[in-house]
Number of protein chains: 2
Amino acid sequence: MNSTNTAVSRRDQILREAARLFAERGFHGVGVDEIGAAVGISGPGLYRHFAGKDAMLAELLVGISGRLLTAGKRRVAEAADPEGALDALIRGHIDFAIDDRPLITLHDRELDRLRESDRKLVRQLQRQYVEEWVAVVARVHPGATEREVRAAVHAVFGLLNSTPHLGAQSSLPGRREMSELLRGLALGALGALDSTADWRVTY
Amino acid sequence: MNSTNTAVSRRDQILREAARLFAERGFHGVGVDEIGAAVGISGPGLYRHFAGKDAMLAELLVGISGRLLTAGKRRVAEAADPEGALDALIRGHIDFAIDDRPLITLHDRELDRLRESDRKLVRQLQRQYVEEWVAVVARVHPGATEREVRAAVHAVFGLLNSTPHLGAQSSLPGRREMSELLRGLALGALGALDSTADWRVTY
DNA sequence: TGAGGATGTTAGCGAGCGTTAACTGATGAC
DNA sequence: GTCATCAGTTAACGCTCGCTAACATCCTCA
């Protein structure tokens, strides 16, 4: 068998280990020698697969942003109504947050380490993803202003992305339970948007 | 007038600028020369006030952790009932998140860059703070298991700490409005804990 | 007045970093 | 069988970084 027959290419193997290390110790905190060691080769050996350390981070961030957006658009398009779209968005985001913890961490932590062009691309993908959410949430909670919806969507991202912070302890819920819990918390938080209109008139 | 008469000492000035820079570009992404330049002196001049770059980060993280815990304990002690305690915890945390954005960012992002001893101290303070929340939330929502409460508390931290991610755009709510919105979202999220018991039996 | 501490400065060291250069062995094509 | 290509190695370069050393300036106060 040759290398192209293996399930994961060497490139993908490097990307996965790099994502883990970047998430654990920060982009600047990881050396190319360590990334190489994580896949069993020397540091300079990485340059057969990537143009540089920056290129690895760029590919990781563009990849996750693009996949989040693509999956989000698909789920919204397939949904029967706004409520179904919102639930699909939430479930989809939770799957990403749980399955690709390191990438979700990098996604909102190391964006500023990218070259200008890559950063603009990732930001554009992120913005489109946010818009997808904002449009759906605005339809489900028509009483809230757009500013409120936008801030609430960011807050819910923070809520859903909280999983990486709890390093796999035994005292935590399992995957299934955690997924349902996060879904309930997110829906509960957004449900508060229906009450804000009442509060607002009291000021 | 002498330097001790100024409202903020040079030390505090350095700490504030260092916090901002660390939050913006990461601990390893900021050089001592930049920190010095931010307060109008050269890089090595900082060593008259701090033992090293690590010491600045340590003081920042120990400080914010300690202040969060102290304020949290005080608010819980002063509350009349669990509901009041929870509301006070939420309001207090929001104040920190909005007023000390950079510190809140560092607080859950650069912890691993600390020396072992400092890291243990900060983690202990953080753990105590979490316990304060868990105890209160468990009393307000007695139907949820402790694992659920613990995960929910972390998720609410993620929600409340989401403010730093929205760089001061004009399309965002003001301080007062944002504070009330976050409070509503947090209460709404935790309110979902009362429904989890119902979901749970369906599995 | 002048000694001494507080708070700066510039020059430079030593380590670590990302990256390139030069070379080596295995593999598959003709 | 030879030869190109792929995927790796080690050595080394140039740069940046945190930090120290040595020196300068100002303020205070006996």
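Naming: A, B, ... by sequence-line order, numbering from 1 per chain.
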Out of dG8(D), dT19(C), dG18(D), whichever nucleotide has its closest atom nearest the side chain of Tyr47(A): dT19(C)
Would you kindly give the CG-to-P distance between Asp54(A) and dC17(C), to the nearest whole Å? 16 Å
Which whole-number value in Å describes the distance from Leu46(B) CG to dT10(C) P? 13 Å
Among the nucleotides dT20(D), dG18(C), dG18(D), whichever has the atom closest to the side chain of Val32(B) is dG18(D)
Short side-chain N/O contact from Ser42(A) to OP1 or OP2 of dG8(D), under 4.0 Å: no
Nearest-Å distance for atom pair CD1/P, residues Ile41(B) and dA6(C): 16 Å
Can you check whether His49(B) has a side-chain N or O nearer than 4.0 Å to OP1 or OP2 of dA6(C)? no
State which residues pass ring-ring contact (aromatic ring centres under 6.0 Å, His included) with Phe157(B); sequence neighbours excluded, sorted by chain then number. His93(B), Tyr129(B), Trp133(B)
Results of side chain to side chain donor-acceptor pair (under 3.5 Å) for Arg115(A) - residues two or more places apart only: Ser117(A), Asp118(A)
Under 4.0 angstrom, heavy atoms only, what part of the nucleic acid is His28(A) near: base, sugar-phosphate, or nothing? nothing
For a quick check of understanding: with a heavy-atom distance under 4.0 Å over all strands, which category does Val39(A) fall into, base, sugar-phosphate or nothing? nothing
Rounding to an integer number of Å, can you tell me how far Ile35(A) CD1 sits from dC17(C) P? 11 Å
With distance as the sole test, does Asp81(A) use its side chain to make a donor-acceptor pair with the main-chain N or O of Gly84(A) at under 3.5 Å? yes
May I ask you to say what Gly31(A) touches in the nucleic acid, namely base, sugar-phosphate or nothing, with a heavy-atom cut-off under 4.0 Å? sugar-phosphate
Which part of the nucleic acid, if any, lies within reach of Gly52(A) when heavy atoms closer than 4.0 Å are counted: base, sugar-phosphate only, or nothing? sugar-phosphate
Output yes when Asp87(B) and Arg91(B) qualify as a salt bridge under the 4.0 Å nitrogen-oxygen rule, no when they do not. yes
Just N and O in the side chain of Arg48(A): are any of them under 4.0 Å from OP1 or OP2 of dT5(D)? no
Hey, are the side chains of Glu177(B) and Glu180(B) touching, using non-hydrogen atoms and a 4.5 Å cut-off? no
Atom pair distance, as rounded to whole Å: CG in Leu21(B) and P in dC17(D): 13 Å
Side chain of Lys53(B) - closest among dG18(D), dT10(C), dT19(C): dG18(D)
Nearest-Å distance, CG (Asp33(B)) to C1' (dG12(C))? 13 Å
Between C1' on dC17(D) and CZ on Phe27(B), what's the gap in Å once rounded to a whole number? 12 Å
Using whole Å, report how far CZ of Arg10(B) lies from P of dC26(D). 16 Å
